[in-house]
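Structure, as structure tokens:
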Amino acid sequence: MSRLIIVSNRTPGRDPAAGGLAVALRKTLAEREGFWFGWSGKLTEKPSADAVFEDIDGLSVGKLDLTKEDHRGYYAGFSNSILWPSFHLRLDLATIEAPWYEAYRRVNTQFAKALLPHLQPDDVIWVHDYHLIPLATELRHLGARNRIGFYLHIPFPTTDALYAIPHHNELMRDLSRYNLVGLQAQRDVAAFNDFADHQSPSSLSDGPLEAVDFSQTEIAVFPIGSDPDAFAKLSTSPAANKMIKRMQRAMDDQRLILGVDRLDYSKGLPQRVEAYEKLLANNPQFRRLVHLLQVAPPSRDSIKEYQETSDTLDAMCGHVMGRFAEPDWAPLTYVKRAYGQPSLAGLYRLARVGLVTPLRDGMNLVAHEYVASQNPADPGVLVLSRFAGAAEIFPDALLVNPFDTDETAEALRLALEMGLDERQERWHALMDAARLYSVDNWANSYLARLSPDTQQGNGPLRDVLYLASVG
Ligand code: ADQ
């Protein structure tokens, strides 16, 4: 079997609370030869030309240092102030500064140069996420002929949003240098094809326009998932029980509505709190009987738009408290810190409603983890945004439009009043889907398609293959 090289912006650490993705990819790497490659997390005066390899719990990890300036332009700048908002259709929150693109390409070149000496000809390379779209181009410039795959964890943008991104034609050309581009959902493949069909030249591009040829690139859907059986086990572990007991002491018989997110504007947190406010306003019978717990640790807080989302959320939570709280009842708790997976599993299991309402999301693993943690004898209800990739595989959730807070409030009411039979019926269907789309199946099916052996077979599947040249 060929070696597997995983490349991502951040490399996994020794953190035992690492997410499901890191665990799954570690497992995949443990089953074959290879290494993980990415940024060390360190900022230095000079960029490192060579990677330093380290053994982390049996996993070989190659790490690179970046300069502060490059990192700002590449990470906070081009990746998270242009690509992230545009891919999530928040053009209003995108900031465009020309030098960021140069830093983005410089870092990708640095990655490629440092990686190349460690490659063997039949290594299979799996590149993760929007920070590293140009990596295949840079590796190919240096002569790499390996099979290289890319996986996009966030949604693929609509055509208009893509046009709003500086250098979008170059980014699309970069994608065409991969053998396989994996996307989260059917809607993303549809958006990709739509762009390819309608590609128009930018009036500002200099030089002759080259066609972008996707004839060698397979575009396919690989929905990511969690490890549902591990989460089910975790939800009855001592650490989970400790969290459950702690919450039960604080809540008496109140029903818990739970949100768990990184604090990010794509997660629809203000809209969620507004929907909860409407639930309490329209249904006085629930007051004192329900409690919303929102767990949202800050992320990317050097970026202004993230600070503003945090401020908005603070204000909205304060508003709902002021409107409904009583001396002996608080309608909500808002916790700005992360919890380890066992504590999260306990919270998921206790919650009568899992409220997962991003405005747009690649997949959303919280939805998977919530389903997996339920007690089969008394499962809770998943209220899920139509605009999460997860909606395609969880049609048995209560699907809502997160922009329509009346609809979400009504879904909350239905969830809180839903009888045991319907909850169980829906949960069984959701759990079957969570198992079918487990993270192991995701990694295995992606790598099976990327592996050179697959290529020698009957070729890629036609139903998801984009074959036309565009330009
Ligand atoms: P994220 O935007 O980070 O990921 P998500 O999939 O919801 O979103 O969460 C990833 C992981 O972070 C989950 O395992 C979850 O348990 C953990 N997490 C989230 N909030 C937490 C909290 N408050 N405390 C502790 N842990 C927390 C991106 C894309 C998603 C896509 C994933 C994986 O934006 O759409 O599902 O990658 O591809």
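Both counts, for ligands and for their atoms, begin at 1 and track the order of listing. Numbering starts at 1 and runs along the sequence shown. What you see below is based on every heavy atom in this structure, not just the backbone, and it leaves out hydrogens, waters and symmetry mates.
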Taking only non-hydrogen atoms of Gly362 and a 4.0 Å limit, the atoms of ligand 1 in range are 35 (O)
Salt-bridge contact Arg3-Asp123 (side-chain N to carboxylate O under 4.0 Å): yes
Checking the N or O distance criterion of under 3.5 Å, is ligand 1 in contact with Gln184? yes
request  = Salt-bridge test for Lys336 and Asp314: reply yes if a basic N is under 4.0 Å from a carboxylate O, no otherwise.
outcome  = yes
Counting both backbone and side chain atoms, is some N or O of Leu365 under 3.5 Å from an N or O of ligand 1?
yes
At under 4.0 Å between heavy atoms, what of Ile224 touches ligand 1? The answer is side chain
For Val260, the ligand 1 atoms with a heavy-atom partner under 4.0 Å come out as 20 (N), 21 (C), 22 (C), 23 (N)
Would one find an N or O of Tyr151, backbone or side chain, under 3.5 Å from an N or O of ligand 1? no
In ligand 1, the atoms that come under 4.0 Å of a heavy atom of Val366 are 7 (O), 15 (C)
Salt-bridged, Arg90 to Asp264, with N to O below 4.0 Å? no
Under 4.0 Å from one or more heavy atoms of Met363, ligand 1 contributes atoms 30 (C), 31 (C), 35 (O), 36 (O)
- Message: Assess, by modelled atom type and distance only, whether the side chains of Lys63 and Thr11 contain a donor and an acceptor separated by less than 3.5 Å.
- Response: no
Honestly, for Trp442 the part within reach of ligand 1 (heavy atoms, under 4.0 Å) is neither
Atom 37 (O) of ligand 1: of Lys267, Arg262, Glu369, His153, the nearest heavy atom sits on His153
If we number the atoms of ligand 1 from 1 as shown, the ones under 4.0 Å from a heavy atom of Ala338 are 24 (N), 25 (C)
Under 4.5 Å between any side-chain heavy atoms of Tyr265 and Glu308, yes or no?
no
Checklist entry - Does the distance from a Lys or Arg side-chain N to an Asp or Glu carboxylate O, for Glu170 and Arg173, drop under 4.0 Å? => result no
Is it true that Phe214 and Phe192 have ring centroids separated by less than 6.0 Å? yes
Does some non-hydrogen atom of Phe87 fall short of 4.0 Å from ligand 1?
no
Problem set entry | Polar proximity ligand 1 side, Pro297 side, N/O cut 3.5 Å exclusive | no
In terms of ring plane angle, is the pair Tyr151 and His153 parallel, tilted or perpendicular, where the classes change at 30° and 60°? perpendicular
Logged contact type for Leu344 with ligand 1, heavy-atom cut-off 4.0 Å, is side chain
Less than 4.5 Å apart, any side-chain heavy atom of Glu138 and any of Arg105? yes
